Each structure stands twice: as C-alpha cells, then as structure tokens.
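Since the model is a prediction, treat every value here as computed from it, not as a measurement.
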Amino acid sequence: MTKITAAITAVGAYVPEYKLTNKELETLVDTNDEWITSRTGIKERRILKDDTKGTSYMAIKAAEDILEKRKLDPKEIDMIIVATATPDMSVAATAAYVASEIGATNAFGYDLAAACSSFLYGMSTAAGYIESGRYKKILVIGADKMSSIVDYTDRTTCIIFGDGAGAALFEPNEEGLGLQDEYLRSDGVGRNFLRIEAGGSLNPATHETVDKKQHFIKQDGKTVFKYAVSSMADACVNVMKRNNLSNEDVDWLVSHQANKRIIDATANRMGLKDKNKILVNIEKYGNTTSATIPLVLFDFEKQFKKGDTIVFASFGGGFTWGSIYLKWAYNSN
Ligand code: UT7
C-alpha cells in the first residue's frame with residue numbers, strides 16, 4: 001500500500017487595511033523608529049480597527065481565499081483547526097463559527113491554543129489526521145487579533161504585535177511530499193515570562209483585574225528572547241540532523257516572525273549562508289502570533305517549487321516551540 005503523507009496544497013491570507021507605523025507608535029509611547037527597526041526588524045503592523053469584529057472575521061477571509069483559489073465546495077472540507085491566542089470568545093470555539101460562516105457544513109472544528117506555536121502544532125495535528133486516512137481536506141487557519149490584548153501604553157509589547165490571518169489546506173499525498181518529520185516541545189517554566197495574567201480560571205475577571213491591566217499581554221522580553229534563540233535553533237538543528245539534511249539541502253526557512261534577530265540567529269545555527277533562503281516579512285506585519293507562519297507561506301508561495309525542502313520553526317508562550325520538516329507539494333506559477 002502506498003504511504004499517505006500530508007501535504008499543503010493551497011495557502012490563503014487576510015490582513016486588515018490599517019497600517020500602524022513606527023512613526024504613529026512614537027506618538028503613543030516613548031519609542032522611535034530607529035529603536036524598533038534595529039531591535040526587531042518591524043516597520044509597521046496591521047490593525048483590525050473595527051470593534052465589532054473579532055479574530056473570526058480574519059480567519060473567515062483567509063479560509064475563503066483558499067476556497068476561491070481552489071474553486072472548492074466548502075462542503076468538501078472535513079475539518080477546521082483555528083490556531084489562535086485570541087479566540088472570539090473563551091467558550092464557543094471560533095473554528096465552529098468559521099466553519100458555519102464559510103459553509104463547511106460537513107466539517108468539525110476546534111481551536112488550538114499554544115501561543116505563537118499554535119500554527120506549527122496545528123500543522124502536526126492536521127498531518128496526523130490526514131496520514132491516518134480518516135480525513136482528506138483539513139484547513140489550518142492561524143489568526144490573531146493581537147490588538148485586542150495589547151496595552152498601547154506599554155512600549156515593550158505594543159511595538160511588536162499586529163493582527164492578521166493565514167491559512168493552509170492539508171490533503172493526502174502519495175508522492176512522498178508534505179510533512180516529513182517534526183520536533184515539538186513545551187516547557188511550563190515559561191508560563192510567567194509571557195502571559196495574560198487574568199481572565200482565566202486561575203484569576204477570573206474582576207473590576208480589580210481590569211484596573212490593574214491584567215487582561216493585557218505581558219512579557220519579559222529579554223528572557224523570552226534568550227529561550228527563543230536557543231530552543232528554536234536546537235529544534236531546527238535536531239530535525240536537520242535526524243533527516244540527514246545539510247544546510248545546502250534546506251531550500252527555505254519558514255520561521256515564526258517575533259523578532260528578526262531571533263530568525264537570523266536560528267538561520268545562523270542551521271548554517272544557512274544564502275540570505276534568500278531565510279524568509280522574512282516581519283517588517284510588514286510585526287508579530288501576528290498564530291498567523292506569522294501562514295503569512296510567510298502566502299507571501300513567498302510563488303518562489304516555492306514542487307519538492308523544495310522547507311524547515312519550519314516557532315517559539316512562543318508556554319513555553320511552546322518546535323520545528324517541522326516539509327517537502328513542498330506544488331508549483332504555484
Ligand atoms: O512571539 C512570542 C515570543 N516573543 C518573542 O520572541 C519576543 C522576544 N523578545 C524580544 O523580541 C526583545 O526582547 C524585545 C524586542 C521585546 C526587546 O528588545 P531587547 O533588545 O531585548 O531590549 P531590552 O528589553 O533589553 O531593553 C533595552 C533598552 C531598555 O532600556 P535601558 O534599561 O537599557 O535604559 C528598555 O527600557 O531599551 C528600552 N526599551 C525601549 N526603548 C525604546 C524597551 N522597549 C523600548 C521601546 N522603545 N519600544
């Protein structure tokens with residue numbers, strides 16, 4: 001029997017129109033374009049300004065982008081995973097709403113929460129279902145309205161995050177393309193370094209938690225940075241080693257976009273000398289949490305060729321991190 005692998009067969013995306021530039025941030029907090037650019041690589045991020053719209057709005061648009069491109073009947077979709085740190089509501093899966101809104105009436109769906117690694121974990125989950133033979137079309141959508149949890153008086157976080165959504169369709173492949181291997185890890189030691197303190201079962205919402213601004217995302221940037229650099233690089237090197245991939249064999253690095261310096265450090269440890277292999281779009285969107293990886297796929301899709309070797313990498317709150325080795329399954333030109 002032919003082995004079934006799980007391949008990405010289409011990508012879609014949506015980012016809001018509004019651009020929050022470094023210049024505008026200078027009017028909100030004590031910062032400047034030079035500091036933000038040199039420390040993070042970010043020039044601007046997109047913000048979903050409409051208060052009546054949540055993460056699902058962007059997730060639906062990204063999913064519809066794929067349906068349109070592939071001329072797919074939404075009834076063919078078996079499953080929808082919405083990777084997100086900012087679901088529309090804490091109870092009622094955003095994925096269920098997305099499925100209904102796009103007409104995927106034969107699908108089931110749920111949200112996957114692993115901070116910035118949600119999309120990577122979602123890829124692994126989708127691949128497992130596809131490889132089992134149980135489902136044939138799975139949409140993994142990474143979407144976050146980070147502006148809903150960012151304190152725009154906190155210069156250590158507001159300069160980093162942005163809103164956006166990206167999606168990938170996973171289907172069975174019989175040519176050996178698609179997901180080849182993964183190295184995923186988590187460690188609760190990181191829980192206090194990157195978190196939203198209140199609003200969960202441990203510390204439910206009260207007037208006091210609102211007054212203390214405990215519903216905003218907070219991070220100890222330096223510590224997160226340190227762990228991100230070593231863990232993400234270790235994961236990539238591990239995946240390369242156990243699959244006998246040299247730096248020459250890797251065609252592309254598709255990394256979570258949290259900080260350009262973290263991406264460069266990871267690429268350096270992997271021995272990637274050709275800068276064109278290191279895919280970066282952080283300057284346009286900032287850190288969109290679950291959406292960074294599919295937004296990179298979307299922006300650079302036209303450069304990928306069938307059979308290309310892609311190494312994915314992510315690191316986020318929890319801590320959660322990992323690397324995936326995937327062979328691209330189609331030519332998009
Ligand atoms: O996606 C989830 C995972 N998240 C991450 O991976 C984020 C990881 N961390 C980072 O990317 C970086 O730590 C930051 C971009 C958040 C901060 O960069 P840094 O190089 O680690 O800066 P720092 O926190 O060490 O601060 C250096 C200086 C400090 O001033 P002093 O103490 O040296 O006088 C800060 O107060 O820069 C100051 N600073 C700022 N200055 C201008 C901090 N934020 C700002 C700012 N503008 N926005």
Side-chain angles (χ1 to χ4, degrees), residues 22 25 29-32 34-43 45 85 113-121 142 144 146 149-151 154-162 182-197 214 216-241 247 250 253-273 275 277-283 285-293 296 311-324:
N22 290 352
L25 281 168
V29 290
D30 180 15
T31 190
N32 58 77
E34 200 283 323
W35 191 95
I36 301 173
T37 308
S38 61
R39 298 286 179 129
T40 69
I42 303 168
K43 293 301 260 182
R45 8 27 231 123
C116 297
S117 297
S118 303
F119 192 84
L120 201 81
Y121 287 10
D144 269 305
M146 295 305 290
I149 54 169
V150 164
D151 175 0
D154 175 7
R155 70 175 182 173
T156 67
T157 51
C158 75
I159 55 130
I160 296 169
F161 295 105
E182 64 184 31
Y183 177 92
L184 306 179
R185 289 293 184 275
S186 62
D187 186 346
V189 74
R191 173 163 149 145
N192 292 327
F193 298 119
L194 179 50
R195 64 183 177 174
I196 295 175
E197 289 166 348
Q214 288 178 317
F216 291 123
I217 189 163
K218 293 199 177 74
Q219 73 166 342
D220 173 348
K222 251 191 189 353
T223 307
V224 177
F225 187 95
K226 200 179 75 191
Y227 276 96
V229 166
S230 62
S231 307
M232 223 160 79
D234 282 351
C236 292
V237 168
N238 221 305
V239 154
M240 286 170 71
K241 258 196 197 142
N247 52 356
V250 176
L253 169 64
V254 174
S255 168
H256 171 51
Q257 311 276 304
N259 187 317
K260 170 92 168 43
R261 289 183 292 144
I262 298 175
I263 302 168
D264 287 343
T266 303
N268 199 28
R269 276 276 310 281
M270 292 167 70
L272 298 185
K273 292 188 185 76
K275 295 279 170 264
K277 292 182 171 188
I278 309 160
L279 303 184
V280 177
N281 61 5
I282 194 170
E283 71 284 357
Y285 310 126
N287 181 350
T288 53
T289 301
S290 313
T292 59
I293 287 177
V296 169
V311 173
F312 290 79
S314 79
F315 184 87
F319 292 132
T320 55
W321 73 95
S323 176
I324 282 179

Looking only at heavy atoms, what is the nearest atom pair of Ile36 and Arg45, with distance?
-> CG2-NH2, 3.8 Å
Counterpart residues, salt bridge (Lys or Arg N to Asp or Glu O under 4.0 Å), relative to Arg155 (two or more places apart) = Asp30
Quick one: side-chain contact (heavy atoms from CB on, under 4.5 Å) partners of Asn238, sequence neighbours excluded?
-> Tyr183, Arg242
Hey, does Leu253 have a side-chain heavy atom less than 4.5 Å from the side chain of Lys277?
-> no
Atom CG of Asp234 and atom CH2 of Trp321: how far apart are they, to the nearest 0.5 Å?
-> 9.0 Å
One should read off an interatomic distance between Ser255 OG and Phe315 CZ, to the nearest 0.5 angstrom, of 12.0 Å
The side-chain contact (heavy atoms from CB on, under 4.5 Å) partners of Ala114 (sequence neighbours excluded) come to Leu112, Ser118, Tyr121, Thr320
Separation between CD1 of Ile278 and OG1 of Thr266, rounded to the nearest 0.5 Å | 9.5 Å
Report the residues that fulfil side-chain contact (heavy atoms from CB on, under 4.5 Å) with Val237, sequence neighbours left out, ordered by chain and then residue number.
-> Lys241, Arg269
Nearest 0.5 Å, what's the CG-CE distance between Leu272 and Met240?
-> 6.0 Å
Heavy-atom pair with the smallest gap, counting every atom of Thr40 and Asn259 | CA-OD1, 3.6 Å
Partner set under side-chain contact (heavy atoms from CB on, under 4.5 Å) for Asp151, not counting sequence neighbours | Thr153, Asp154, Lys213, Phe216
For residues 226-233, which side-chain donor-acceptor pairs fall under 3.5 Å, sequence neighbours excluded?
unit_1: Ser230; atom_1: OG; unit_2: Lys226; atom_2: O; d: 3.4
unit_1: Ser230; atom_1: OG; unit_2: Tyr227; atom_2: O; d: 3.4
unit_1: Ser231; atom_1: OG; unit_2: Tyr227; atom_2: O; d: 2.8

The salt bridge (Lys or Arg N to Asp or Glu O under 4.0 Å) partners of Lys218 (sequence neighbours excluded) come to Glu197
Would you say the side chains of Asp144 and Thr288 form a donor-acceptor pair under 3.5 Å?
-> no
For residues 258-268, the salt bridge (charged side-chain N to carboxylate O under 4.0 Å, His left out) pairs (sequence neighbours left out) are Lys260-Asp264
Return the set of residues passing salt bridge (Lys or Arg N to Asp or Glu O under 4.0 Å) with Glu283 (not counting sequence neighbours), or none when no residue passes.
-> none
How many angstroms lie between atom CG of Asn247 and atom CG of Asn268, to the nearest 0.5 angstrom?
-> 11.0 Å
Set of residues satisfying side chain to side chain donor-acceptor pair (under 3.5 Å) with respect to Thr292, sequence neighbours excluded = His256
For Ile159, which of Ile42, Leu25, Asn287, Asn22 qualifies under side chain to side chain contact (heavy atoms under 4.5 Å, CB included)?
-> Leu25
With sequence neighbours excluded, tell me which residues meet side chain to side chain donor-acceptor pair (under 3.5 Å) with Asn281.
-> Asp299
Over all atoms of both residues, closest heavy-atom pair of Ala258 and Ile160 | O-CG2, 4.2 Å
Leu279 backbone acceptor or donor facing Gln257 side chain under 3.5 Å | yes
Heavy atoms of Ser314 and Ile293 approach each other most closely as CB-CD1, 4.1 Å
Output yes when a side-chain donor or acceptor of Ser323 lies under 3.5 Å from a complementary backbone atom of Phe312, and no otherwise.
-> yes
Residues Gly316 and Cys116: closest non-hydrogen pair is CA-CB, 3.7 Å
Taking only residues two or more places apart in sequence, or in another chain, which ones meet Thr223 in a side chain to side chain donor-acceptor pair (under 3.5 Å)?
-> Asp220
Smallest heavy-atom separation, Ser290 atom then Ala85 atom, equals OG-N, 3.9 Å
